[in-house]
K.L.:
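The structure that follows is given in the form of structure tokens.
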Amino acid sequence: MANRRTVIAGNWKMFKTTGEATDYAVRFLEEVKEVTDLDIILCAPFTALYTLKNELEESIVHLGAQNMAWADQGAYTGEISAQMLLDVACTYVILGHSERREMFGETDEEIAKKVRQALATGLTPIVCCGENLNLREEGKAVERVQGQVTRALEGLSTEELSKIIVAYEPIWAIGTGKTASSKDAQEMCASIRATLKVLMGLAAEKVPILYGGSVKAENIAELMTEPDVDGALVGGASLDPLSFAKLILNAVPSSVSVEEGI
Ligand code: PGA
């Protein structure tokens, strides 16, 4: 791996009340307190962010949101601004997750505006892309993913692009228990890096590219052996603090895997 950060981000989706988030944070921090070699991010629902801000203060765990508005402020009922996220100590935001694209009609154009807004305010966007099963079977997966990445990021400066994280999440692997093979994940992450090179030249070597889709403690180590897979965006397996901590320990190249350690 070309000296890139390793990033493991949990995406809680629409799970956890404030009480559950507090309980999680206490148990999770205890498990990961010795981790130093990677960036851990918890992307929680908006309503749990303030609670987590207090729980995670001065810890190694960073806070992220799962979406945000492209506007600064104003009459946008139901939306949450970048400033509001910064106010509760969020430093990351997931943008363009397939569940937002598929169920809430988010377009490439809106996602591109959100990426700009995140960068302008100092949030790090985790920009998601991924094909559905039909496109994969038709051999159009690479074309779709490269198109999504280009449309989200074109026009940004190299300096701006150096601040982003990309997450490749094939829709057919999300929440289905069907992980892409590490070879498939590598192939797509490499083609995303090729797209980034077109946009930003050699600086693309520094951008972390994550894989997401049924990542668990049992399959993370194999995914992490691939040269262009720099970490994971984890849904279901991030909901339990102990299993998520185990996944993280298994992702750190130098650490003894929890299973081996027992
Ligand atoms: P999953 O979800 O790990 O439950 O498959 C990943 C995601 O949607 O980010």
Side-chain angles (χ1 to χ4, degrees), residues 6-16 20-21 24 28 38-46 48-49 52 61-68 90 92-106 111 114-115 118 123-133 135-136 141 144-145 148-149 152 164-182 184-186 188-189 192 208-224 226 229-251:
T6 299
V7 179
I8 304 287
N11 174 11
W12 285 359
K13 308 193 178 183
M14 199 171 72
F15 291 100
K16 297 198 189 297
E20 288 164 345
Y24 182 109
F28 183 63
L38 50 74
D39 292 350
I40 305 171
I41 308 164
L42 283 181
C43 298
F46 294 132
L49 292 174
L52 286 170
V61 180
H62 305 277
L63 199 51
Q66 301 167 18
N67 183 26
M68 60 161 224
C90 263
Y92 293 85
V93 59
I94 296 174
L95 295 176
H97 189 282
S98 61
E99 286 154 14
R100 303 249 18 118
R101 293 177 190 259
E102 303 267 305
M103 288 189 263
F104 302 100
E106 264 187 35
I111 294 158
K114 291 180 180 192
V115 171
L123 287 163
T124 300
I126 303 174
V127 183
C128 298
C129 55
E131 81 287 356
N132 63 25
L133 193 55
L135 287 165
R136 176 146 287 258
R144 164 57 60 96
V145 168
Q148 286 177 329
V149 172
I164 63 158
I165 295 175
V166 178
Y168 166 56
E169 300 203 301
I171 295 171
W172 47 270
I174 295 180
T176 58
K178 264 195 229 164
T179 327
S181 68
S182 56
D184 285 344
Q186 165 56 25
M188 191 61 89
C189 290
I192 292 170
I209 303 180
L210 317 184
Y211 167 78
S214 300
V215 178
K216 329 183 244 294
E218 293 73 29
N219 58 21
I220 184 69
E222 192 189 339
L223 287 159
M224 293 303 297
E226 299 296 343
V229 177
D230 306 315
L233 181 54
V234 184
S238 73
L239 290 174
D240 176 76
L242 302 186
S243 6
F244 191 41
K246 183 168 158 188
L247 185 157
I248 288 165
L249 294 175
N250 286 351

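Numbering of ligands and ligand atoms starts at 1, following listing order.
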K.L.:
Just how far is it from atom OG of S181 to atom CG of N219, taken to the nearest 0.5 Å?
P.N.:
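S181 atom OG to N219 atom CG measures 11.0 Å (nearest 0.5 Å).
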
K.L.:
Tell me which one of I165, I111, I164 satisfies side-chain contact (heavy atoms from CB on, under 4.5 Å) with P125.
P.N.:
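Single pass found, and it is I164.
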
K.L.:
Which is it for H97 and Q66 under the side chain to side chain donor-acceptor pair (under 3.5 Å) test, yes or no, and what are the steps along the way?
P.N.:
CA-CA 8 Å; H97 189 282; Q66 301 167 18; over 6 Å; no

K.L.:
Please say whether more than 12 non-hydrogen atoms of neighbouring residues, nucleotides or ligands are located less than 6.0 Å from CD in E222.
P.N.:
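No, the 6.0 Å shell around CD holds no more than 12 heavy atoms from other groups.
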
K.L.:
Write down, by chain and number, every protein residue that brings a non-hydrogen atom to less than 4.0 Å from an atom of ligand 1.
P.N.:
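Correct list: N11, K13, H97, E169, A173, I174, G175, G213, S214, L233, V234, G235, G236.
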
K.L.:
Which word best sums up how the rings of F28 and F244 line up, parallel for under 30°, tilted for 30 to 60°, or perpendicular for over 60°?
P.N.:
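Judged by the thresholds at 30° and 60°, the geometry between F28 and F244 is parallel.
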
K.L.:
For the pair N11 (side chain) and G235 (backbone), establish whether a donor and an acceptor sit closer than 3.5 Å, ignoring hydrogens and angles.
P.N.:
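Checked: no pair found.
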
